[in-house]
Amino acid sequence: MPLPTIGTTWPPADQGIIFSKMREWQAWWAGDTDTLREVYTSGQATRPSMQKDGLIGAVKRFFWGRQNTDLRRQEARLHIPLAGDICQASADLLFAEPITVTNDKSDEAQERLDSILDEGFHSTVATSAEIGAALGGTFLRVVWDSTLSDTPFIDVVDADYAAPEFRWGRLTAVTFYFIVGTEGQAVFRHAERHELDATGNGVVYHGLYKGTSSELGRLHPLTDHAATEGITVDAEGKIDTGSPGLAAVYVPNVTPSRGWRKHPVGRNLGRSDLDGVEGLLDSLDETYSSWMRDIRLGKARILAGRTALEDNGLGNGATFDLDREVYEAVNVPPGSAKDSGLDIETVQFAIRFEEHQQTAQELTRNILRSAGYSPQTFGEQGEIATTATEVSARDRRTTLTKGRKERHWKRGIRQILQKLVDVDQVLFNGPGGTIAVEFPDGQQDSQLQLAQTAQALATAQAASTRTLVQMVHPDWDETAVDEEVGRIKSGSSMSDPDRVGYGGFGLSDQFEQDDENDEDNPSFPTGSVGS
């Protein structure tokens, strides 16, 4: 379906509530206090009866929704960027270590794929994951630009730039809208629509609209703006990818979407990590702001009577010299200075740091739990050295959340990279092939813990030499493992300064000849251990 010649409202009328919520989440994630004030104070200029109850009243009760009606009172609201920390942690859990992407067609195809992915793909998906954690999901698309690269590559589109269409929970089309320029009240938008043609191949329509901040306006030629004049389309305004499937995918953060369960579009979108914790985040900011207020009020102050002040002359006021040791004699009896206006007092209010600290910690734990994370993930339980098993037990909640997100990302990355390879084959004469994606294992034991485990298995004669080497060095390839097994069998590992010996495993320097393939003989032959 080509783009309409006359645009409609933006954001789409049926998705206005979704974009409004995304704007709120984006403000928490970015720490944009101006937007937070605007979000939580908008709509309050209504009848007082409407402000007391209902949605407007609830918004007004937010810390960031309170208006300062006393101009003499200084605004001192503090924002704690916990929302940003949560979204960043989400991306780090998924992509702190690069994922493994393989092309099963040939070595040449794998080298071609690796070359494309080395151009920032892993950083791209990590960035996309952080934004998706804030907005509930994100889009990935295949793009190509001969002036920048001789291969296609992956780009990110944030969810609040897109108008998606779903059928049976699957993305069938999506239109991206990007503001590319303004002229006074006029706003230029580049519309990019991804859909399938009658044969199931992905096509991309491009259009340039000139409208306003709330309307797309009319369709103009792509050559009317520098941002779109270089896009080459056919007579219908489209580009054919020449391969099956959309050139864009949607990756939800986690599902289901609680607030939009009955919304025709929203029910297919993901759920933000910040969904449902906005009130707790607001209370956390209020707690820290109150804490800082206590600190400001707790500063020591000196109250001095008028007779203790030094007159600076007409119109210049009076000052109090803190370093002055002797004051001029006054005709008052000793001990009656207070009654004569010479009293000097100090005032210092208590700082309720323990109460504020405990409140902030409890709010933080509730926020993390509701967002799907264990406090241990954010260092809330201390930095105690533990085994990977103990860490996994403490991070159980985080591990479950990570697993749910991985399933969405694995499917989305495989789809978009398969489309990337297909586009590369059709438009750039690439080798093609079939893509497989694997995420790295989560927590890993330290070298000492791996060595201790290997020693126990060796003592029990429950693993072959090759299995032990692979266990201690999980990052080694087959060649390195074979070389190390050969050194151990020949008894040279103890004398090789470049390798760590296996004497700590309880193994002798001399091994009886194992079968040619240790995997067919999983246990050590008699006499090979501790001889």
Side-chain angles (χ1 to χ4, degrees), residues 1-12 15 19 22-23 26 30 32 35 116 119-121 123-125 127-128 130-132 135 137-165 171 173-195 202-242 246-250 416 419-420 423-424 426-428:
M1 181 180 67
L3 293 167
T5 56
I6 299 178
T8 58
T9 60
W10 181 257
Q15 298 181 43
F19 277 73
M22 286 184 178
R23 184 167 179 261
Q26 192 275 337
D32 186 350
T35 304
I116 295 175
E119 298 295 326
F121 169 74
S123 297
T124 298
V125 292
T127 300
S128 182
E130 181 172 347
I131 299 174
L135 301 183
T138 186
F139 288 87
L140 299 174
R141 61 175 177 169
V142 178
V143 296
W144 55 94
D145 187 340
S146 59
T147 63
L148 299 177
S149 175
D150 57 357
T151 64
F153 52 93
I154 302 298
D155 185 39
V156 178
V157 181
D158 301 344
D160 52 357
Y161 284 97
E165 301 171 22
L171 184 69
V174 60
T175 306
F176 302 128
Y177 294 93
F178 309 98
I179 296 178
V180 294
T182 58
E183 290 183 2
Q185 298 297 322
V187 178
F188 288 91
R189 288 183 177 87
H190 171 209
E192 177 182 311
R193 178 174 175 80
H194 293 253
E195 62 179 47
V203 294
V204 185
Y205 289 90
H206 290 272
L208 177 67
Y209 287 92
K210 183 180 180 180
T212 64
S213 59
S214 59
E215 293 184 359
L216 294 178
R218 292 184 175 273
L219 192 64
H220 284 242
L222 294 174
T223 54
D224 283 2
H225 198 278
T228 55
E229 63 180 358
I231 301 176
T232 304
V233 296
D234 62 14
E236 296 181 352
K238 75 174 186 297
I239 299 174
D240 190 348
T241 65
L246 295 173
V249 300
Y250 176 70
I416 199 63
K419 183 66 177 181
L420 174 79
V423 169
D424 183 48
V426 173
L427 302 180
F428 295 88

Using the ring of each side chain (for Trp, its six-membered ring), is Trp10 parallel, tilted or perpendicular to Phe19, with breaks at 30° and 60°?
-> perpendicular
Is there a side-chain contact between Tyr209 and Glu215, using heavy atoms and a 4.5 Å cut-off?
-> no
Just how far is it from atom CD1 of Ile239 to atom CH2 of Trp144, taken to the nearest 0.5 Å?
-> 6.0 Å
Does some side-chain heavy atom of Val174 sit less than 4.5 Å from a side-chain heavy atom of Tyr250?
-> no
Side chain proximity check, His206 to Leu222, heavy atoms < 4.5 angstrom | yes
Salt-bridged, Glu195 to Lys238, with N to O below 4.0 Å?
-> no
Thr127/Ile131 under side chain to side chain contact (heavy atoms under 4.5 Å, CB included): CA gap, chis, key distance, verdict = CA-CA 6 Å; Thr127 300; Ile131 299 174; 4.1 Å; yes
Do Val180 and Leu208 come close enough that some side-chain heavy atom pair is under 4.5 Å?
-> yes
Give, for atom CG of Asp224 and atom CD of Glu229, the distance between the pair rounded to the nearest 0.5 Å.
-> 10.0 Å
Mark yes or no for whether Asp158, through its side chain, and Asp160, through its backbone, hold a donor-acceptor pair below 3.5 Å.
-> no
Let me know which of Val204, Asp424, Thr241, Ile416 forms a side-chain contact (heavy atoms from CB on, under 4.5 Å) with Val142.
-> Ile416
Minimum heavy-atom separation for Arg141 to Val157, with atom names?
-> NE-CG2, 3.5 Å
Do Thr212 and Gln185 have side-chain heavy atoms sitting under 4.5 Å apart?
-> no
Hey, are the side chains of Phe153 and Phe121 touching, using non-hydrogen atoms and a 4.5 Å cut-off?
-> no
